[in-house]
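On a predicted model such as this, the values are computed, not experimentally measured, just so you know.
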Amino acid sequence: MTDVVSEPRPPPEEPPEGPPPFEPPRPHTVRLIDHDDLKRSRLTVLVRWALVLPHLIWLFLYANVAIYVAFANWIVTLIKGRPPQRTHRWLVRFLRYHVYVYSYLMVLANPYPPFHGDQRSYKVDLQVEGPDDQRRLVTGFRFVLAIPAFVLAWVLGQVMQVIGFLNWLMAIFIGRVPRGMEQLGLYCLRYQTQTYAYLLVVTERYPSTASN
């Protein structure tokens with residue numbers, strides 16, 4: 001009988017030392033898409049606040065209807081744990097139209113916006129995921145939880161007005177706006193829109209101060 005000699009097995013590899021690999025944060029479910037080229041028409045910028053008046057009136061009427069739609073959306077989400085598809089789509093169109101109007105008003109984009117919220121209809125667009133499942137407890141206390149975000153959104157709204165005035169002056173004198181001012185204005189608008197999306201129960205994701 002011959003003896004079977006087994007070869008020595010190599011020791012098991014030890015996991016590399018150090019912190020685990022970093023996973024980037026998941027992008028927010030409500031995002032702005034910027035395709036603006038920074039060029040501005042001096043003539044339309046000069047009378048922009050008059051040109052945008054019909055949009056502001058339409059947005060005001062739109063928002064009054066959105067309040068009732070959002071309340072119905074809150075009730076259904078509270079019961080079923082998920083917003084209805086059609087209600088979600090309607091509220092997203094309202095939020096997108098809000099982005100179109102304020103991008104034009106604050107000189108963050110140049111073309112005249114459409115009177116609707118269809119996607120890919122403007123230089124500054126809004127992309128919203130969902131509808132996704134939402135926790136009933138969070139939904140039930142949504143308006144209370146949104147208070148800190150709403151306060152910050154109001155502050156950023158004041159900043160955006162200052163940026164809009166500075167953009168207006170720069171566009172009249174040089175026919176364009178600085179990239180930094182445009183990005184800061186879009187940052188304020190994005191946070192404001194994320195806050196409205198949270199309040200309207202379009203998303204459960206809390207407004208983010210991050211850049212994505």
Which pairs count as salt bridge (Lys or Arg N to Asp or Glu O under 4.0 Å) when at least one residue sits in residues 106-122, sequence neighbours excluded?
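Of all non-adjacent pairs touching residues 106-122, those that pass salt bridge (Lys or Arg N to Asp or Glu O under 4.0 Å) are Arg93-Asp118.
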Residue pairs involving residues 164-177 (criterion salt bridge (Lys or Arg N to Asp or Glu O under 4.0 Å); sequence neighbours excluded):
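Those involving residues 164-177 do not exist here.
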Distance alone, cut at 3.5 Å: any donor-acceptor contact between the side chains of Asp125 and Tyr100?
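Side-chain D/A pair, Asp125 to Tyr100: present.
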Under 3.5 Å, is there a donor-acceptor pair linking the side chains of Tyr97 and His55?
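Looking only at side-chain atoms, His55 and Tyr97 do form a donor-acceptor pair, the distance falling under 3.5 Å.
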Is there a chain of hydrophobic side chains (I, L, V, M, F, W, Y, each step under 4.5 Å between heavy atoms) that links Val47 to Tyr112?
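Val47 clusters together with Tyr112.
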If only atom types and distance count, is the side chain of Gln134 paired as donor or acceptor with the main-chain N or O of Val201 below 3.5 Å?
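Looks like yes, one N/O pair under 3.5 Å.
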Side chain to side chain, Phe94 and Val69, heavy atoms closer than 4.5 Å
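SC-SC contact between Phe94 and Val69 ruled out.
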Side-chain touch Thr193/His98, heavy atoms, less than 4.5 angstrom:
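The answer is yes, as the side chains (C-beta and beyond) meet within the 4.5 Å cut-off.
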Could you pull out the closest heavy-atom pair between Pro131 and Gln85, with the gap in Å?
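Heavy atoms of Pro131 and Gln85 come nearest at CD-OE1, 3.3 Å.
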For a quick test of reading the model, state the closest non-hydrogen atom pair linking Ala109 to Lys123 and the distance between them.
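Residues Ala109 and Lys123, closest heavy atoms: CB-CB, 4.3 Å.
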Salt-bridge test for Asp34 and Arg179: reply yes if a basic N is under 4.0 Å from a carboxylate O, no otherwise.
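Between Arg179 and Asp34 there is a salt bridge, with a charged N closer than 4.0 Å to a carboxylate O.
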So among Leu43, Val107, Val45, which one has a side-chain contact (heavy atoms from CB on, under 4.5 Å) with Ile172?
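Going through the options one by one, the only one that passes is Val45.
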